[in-house]
Amino acid sequence: MPIDIETFESSPEDRLQHSGETNADRVMRFLAAHPDQAFTQSEIRDATDVKAGSISVVLSRLEDRGLVRHKGNYWALGEDDDVAAHTNMLESTRAANDRFGEEDMDEWLEHAVDDEDEATE
């Protein structure tokens, strides 16, 4: 996938070497391809190449968001409405980033309200 020249010029080299796909993205893509099946952690790990030390954490975080379901030793894609809502939010964020550029966290923090300062006023 191509990137714009501004991203190319302003991004650190390590960011440009990363595919941009997270472990959670890989797990969700795999489970979405098999919505009528449930898998063990090791089956998901093997299919997604997520490291053994990370798969449990990834699945737990996805479960906390309602994106996957867990029963016994098996994991499956979450309920349709929850997954659709999350997907819509991601697509909206990507569209906004493509149109307006990604947020610069350092710039955002520079202008963010400090809760501690607000509490002392």
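We count residues from 1, following the sequence as given. When reading the values below, keep in mind they use all heavy atoms of this one structure, side chains included, and skip hydrogens, waters and symmetry mates.
- Of all heavy-atom pairs between W75 and S60, the closest is CH2-N, 4.3 Å.
- Residues V27 and L59 meet the side-chain proximity criterion, which asks for heavy atoms closer than 4.5 Å.
- Put simply, the side chain of R26 does not reach to within 4.5 Å of the side chain of F30, judged on heavy atoms.
- L67 has its side chain out of reach of R61: every pair of non-hydrogen atoms, C-beta onward, lies at least 4.5 Å apart.
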Exercise. Is there a side-chain contact (heavy atoms from CB on, under 4.5 Å) between I44 and I55 once you walk through the steps?
Worked result: CA-CA 8 Å; I44 296 169; I55 192 70; 3.8 Å; yes

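- Considering N73, L31, L77 in turn, L31 is the only one that fulfils the side chain to side chain contact (heavy atoms under 4.5 Å, CB included) rule with F39.
- Side-chain atoms of H70 come within 3.5 Å of backbone N or O of G72 as a donor-acceptor pair.
- Looking at heavy atoms from C-beta onward, D25 lies out of side-chain contact with R29 at the 4.5 angstrom threshold.
- Applying the side-chain hydrogen bond (donor to acceptor under 3.5 Å, both in side chains) test to every pair with at least one member in residues 42-58, sequence neighbours left out, gives these pairs: T40-S42, T40-E43.
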